[in-house]
Amino acid sequence: MSASNITSLHPPSFLLMGIPGLEHLHIWISIPFCSAYTLALLGNCTLLFVIWTDPALHEPMYLFLAMLSAIDLVLSSSTLPKMLAIFWVDDHEINFHACLTQMFFLHSFSIMESAVLLAMAFDRFVAICEPLRYATVLTRPLISRIGMAAVARAVALMIPLPFLLRRFSYCQSRVIAHCYCEHMAVVKLACGNTRFNNIYGIAVALVIVGLDLLFVVLSYALILRAVLRLASQEARYKAFGTCASHVGAILAFYTPVVISSVMHRLARHAAPHVHILAANFYLLFPPMVNPIIYGVKTKQIRERVVGIFQRKKI
């Protein structure tokens with residue numbers, strides 16, 4: 001088969017509908033979307049700047065937080081600009097290869113975020129359960145290897161998806177009933193046997209989210225046991241306080257995932273825009289609230305940020 005015939009199997013572009021059924025409200029919907037994206041950009045860039053410029057924050061917990069902020073920036077920037085273009089100027093068209101690229105970044109960086117949250121749970125476990133070994137266990141080389149492992153796992157799991165989708169023809173429609181190129185939304189347009197894609201996508205999501213969340217819960221079960229064994233109530237509060245920000249980040253990431261999953265199973269007959277808004281909430285919420293959670297709950301970061309603004313006023 002010639003190269004021209006292979007490339008003709010897929011359309012040159014897809015059309016993203018935005019939020020079906022709420023097209024007349026796109027301008028109004030864009031206001032909270034744009035506000036959330038602006039907060040995500042400002043908050044995560046501020047965290048990265050503060051951690052990068054302050055040597056006192058070059059500790060494991062803050063290095064993992066820097067990874068989380070970088071992932072959130074890429075995750076939100078891979079989808080929000082195109083969404084806003086749809087809402088503001090009706091720019092619905094997206095190139096076929098750009099669509100696959102967006103899909104790859106969306107899913108791979110979601111997997112990376114899950115891995116970093118797990119690494120942060122391990123960091124808190126060592127800090128509370130093995131405090132005397134903390135500096136020797138969580139060394140810079142180990143943190144670098146954890147970061148590279150998170151990237152390698154995500155890329156290895158997601159790199160097959162674009163190639164699997166390229167082998168299909170799209171003979172029915174090129175309209176994606178979504179705001180962005182999500183794997184299952186693209187698979188629905190493919191002609192042919194897509195069973196493997198369906199199974200692979202669901203299996204990766206269940207295994208990654210399931211295993212990571214299981215190990216996070218196990219880490220905090222061990223942390224809770226260690227904290228409750230502390231004799232001093234003040235020591236208990238202090239130990240719980242060191243975990244508060246991370247627990248907030250975990251809830252911000254996994255709660256929308258669980259809500260979206262439950263809605264897909266219990267509200268199958270709900271209007272399409274309900275499911276799409278839930279999926280968008282999953283993308284918007286963690287990058288927006290993570291900087292707020294860590295900025296408010298973490299004393300060192302709060303003091304550095306306040307110091308920056310005070311210097312600017314002077």
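Count residues from 1 along the sequence.
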Checking one residue: V175. Which other hydrophobic residues are in its cluster under the side-chain 4.5 Å linking rule?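 Via sub-4.5 Å side-chain contacts, V175 links to L15, M17.
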Hey, does the side chain of [X] reach the backbone of [Y] with a donor-acceptor pair shorter than 3.5 angstrom?
X    : Y    : result
N44  : D72  : no
E59  : L57  : no
Y180 : L106 : no
K82  : D91  : yes
T136 : R133 : yes

Output all residues satisfying disulfide (SG to SG under 2.5 Å) with C181, sequence neighbours left out; order by chain, then residue number.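 Residues passing disulfide (SG to SG under 2.5 Å) with C181: C99.
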query: Do other residues, nucleotides or ligands put more than 12 heavy atoms under 6.0 Å from R167 CZ?
result: yes
Return yes when atom CZ of F105 has more than 12 non-hydrogen atoms of other residues, nucleotides or ligands closer than 6.0 Å, and no otherwise.
no
Is any side-chain heavy atom of [Y] closer than 4.5 Å to one of [X]?
X    : Y    : value
R166 : H97  : yes
Y282 : F253 : yes
L73  : P287 : no
H58  : R140 : yes
H107 : V204 : no
P20  : I276 : yes

Taking salt bridge (Lys or Arg N to Asp or Glu O under 4.0 Å) as the definition, give me every residue that meets it alongside R153, ordered by chain and number, with sequence neighbours left out.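 Salt bridge (Lys or Arg N to Asp or Glu O under 4.0 Å) check on R153 returns D212.
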Item to check | Partners passing salt bridge (Lys or Arg N to Asp or Glu O under 4.0 Å) against D90 (at least two apart in sequence or in another chain) | outcome: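 Once residues adjacent in sequence are excluded, D90 has no partner under the salt bridge (Lys or Arg N to Asp or Glu O under 4.0 Å) criterion.
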task: Decide yes or no on side chain to side chain contact (heavy atoms under 4.5 Å, CB included) for F87 and C34, but give the supporting numbers first.
output: CA-CA 10 Å; F87 296 154; C34 183; over 6 Å; no
Please list, one pair per line, the donor and acceptor atoms closer than 3.5 Å that link side chains of residues 119-131 to other protein atoms, with sequence neighbours excluded.
from : atom 1 : to   : atom 2 : distance (Å)
D123 : OD1    : Y134 : OH     : 2.5

(request) Could you check whether the rings of F281 and F285 sit parallel, tilted or perpendicular, using 30° and 60° as the cut-offs? (result) parallel
What is the ring orientation for F14 with Y170, classed by angle as parallel under 30°, tilted 30 to 60°, or perpendicular over 60°?
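Ring orientation of F14 relative to Y170: perpendicular.
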Report whether [X] and [Y] are members of the same hydrophobic cluster (ILVMFWY, side-chain heavy atoms less than 4.5 Å apart, transitive linking).
X    : Y    : result
L42  : L75  : no
M184 : L165 : no
F104 : F163 : yes
I199 : V209 : no
V155 : M103 : yes

Write down the atom of [X], the atom of [Y], and the distance for their closest heavy-atom approach.
X    : Y    : result
P11  : F96  : O-CB, 3.3 Å
Y220 : H246 : OH-ND1, 2.6 Å
A150 : M112 : O-CG, 3.8 Å

If you measure from [atom1] on [X] to [atom2] on [Y], what distance do you get to the nearest 0.5 Å?
X    : Y    : atom1 : atom2 : answer
I86  : H178 : CD1   : NE2   : 10.5 Å
L138 : M61  : CG    : CE    : 12.0 Å
I293 : I301 : CD1   : CD1   : 12.0 Å
I19  : H24  : CD1   : NE2   : 11.0 Å
I223 : R225 : CD1   : CZ    : 11.5 Å

message = Between S69 and Y294, do the side chains contain a donor N or O and an acceptor N or O under 3.5 Å apart?
response = no
**Prompt:** Are E93 and S13 linked by a side-chain donor-acceptor pair shorter than 3.5 Å?
**Reply:** yes
When N280, L283, L84 are each screened for side chain to side chain contact (heavy atoms under 4.5 Å, CB included) with T79, the one that passes is L283
All pairs passing disulfide (SG to SG under 2.5 Å) where residues 188-229 contributes a residue, at least two apart
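Sorted pair list: C171-C191.
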